[in-house]
Amino acid sequence: MKSFTETVRMVVQNIPKGSTMTYKDVAIKAGRPLAARAVANIMAKNFDGTVPCHRVIKSDGSLGGYNRGGEVIKRKLLMSEGAII
DNA sequence: TAGTTGACCGGAA
DNA sequence: ATTCCGGCCAACT
């Protein structure tokens, strides 16, 4: 059994290129449907450079945030991968 | 140990 | 449609 953080990282890495998932979806895949907030916290404080967190967005369709508020960078990355914003 | 924080979510006003 | 409130989870102080 891996820690919740490890599972979240795996899920985010498992996101296909050109696709996006909401924090909630990631939390669900990680096994904690109500831990969307925890997922955000993991990304925010313990961001992993090995995980494409720019593929994770809010449930409203907004990009939410990125490393230090670089939402613009996030949008550009997603569009560069073929994702539709 | 307890309290606060954060890139959130859903419902209510 | 926008704004406010409560709730949930993990990490930090």
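Chain letters run A, B, ... following the sequence lines, proteins first, then strands; residues in each count from 1.
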Listing, residues 14-33 of chain A side-chain donor-acceptor contacts under 3.5 Å, not counting sequence neighbours, or none:
unit_1  : atom_1 : unit_2  : atom_2 : d
A/Thr22 : OG1    : A/Asp25 : N      : 3.1
A/Thr22 : OG1    : A/Asp25 : OD2    : 3.4

| Apart from A/Met10 itself, what residues make up its hydrophobic cluster when side-chain heavy atoms of I, L, V, M, F, W and Y under 4.5 Å apart count as a link, directly or indirectly? | none

| task | Residues of residues 47-55 of chain A with any non-hydrogen atom less than 4.0 angstrom from an atom of DNA chain B: list those, numerically ordered, please. | result | A/Phe47, A/Cys53

| query | Taking DNA chain C as the partner, which of residues 7-21 of chain A come within under 4.0 angstrom of it by heavy atom? | reply | none

| said: If we ignore hydrogens and angles and just use 3.5 Å, is the side chain of A/Lys74 paired with the main-chain N or O of A/Val56 as donor and acceptor? | reply: yes

| field | Salt-bridge contact A/Glu6-A/Arg9 (side-chain N to carboxylate O under 4.0 Å) | value | yes

| With a cutoff of under 4.5 Å between side-chain heavy atoms, which Ile, Leu, Val, Met, Phe, Trp and Tyr residues group with A/Phe47? | none

| Roughly how many Å is it from CD1 in A/Ile28 to P in B/dC8, rounded to a whole number? | 16 Å

| note | Its contact letters, B for base, S for sugar-phosphate only and - for none at protein heavy atoms under 4.0 Å, make nucleotides 3-12 of chain C read ----BBBBBS

| message | Side-chain heavy atoms under 4.5 Å apart, restricted to Ile/Leu/Val/Met/Phe/Trp/Tyr: what other residues fall into the cluster of A/Ile84, or is it alone? | response | none

| field | Any A/Lys24 side-chain N or O less than 4.0 Å from OP1/OP2 of B/dC8 | value | no

| task | Using the test side-chain contact (heavy atoms from CB on, under 4.5 Å), find all partners of A/Leu34 that sit at least two apart in sequence or belong to another chain. | result | none

| field | Inter- and intrachain pairs under salt bridge (Lys or Arg N to Asp or Glu O under 4.0 Å), touching residues 75-85 of chain A, at least two apart | value | A/Arg55-A/Glu81

| task | Grab the CE-C1' distance between A/Met43 and B/dT5 for me, whole Å please. | result | 17 Å

| request: For A/Ser80, enumerate each residue passing the side-chain contact (heavy atoms from CB on, under 4.5 Å) test, keeping only those at least two apart in sequence or located in another chain. | output: none

| query | In Å and rounded to the nearest 0.5 Å, what is the CG to NZ distance from A/Leu63 to A/Lys58? | reply | 10.0 Å

| note | Listing for DNA chain B: consecutive Watson-Crick or G-U pair runs of at least 3, distance cutoff 3.5 Å, ranges ordered by first number, gives B:2-6 with C:9-13, B:8-13 with C:2-7

| Taking side chain as C-beta onward, heavy atoms only, is A/Ser62 less than 4.5 Å from A/Ile57? | no

| remark: Sequence neighbours excluded, the answer for side-chain hydrogen bond (donor to acceptor under 3.5 Å, both in side chains) partners of A/Asn46 is none

| Considering all heavy atoms of both residues, which atom of A/Tyr66 and which atom of A/Glu71 are nearest to each other, and what is their separation? | CB-N, 4.2 Å

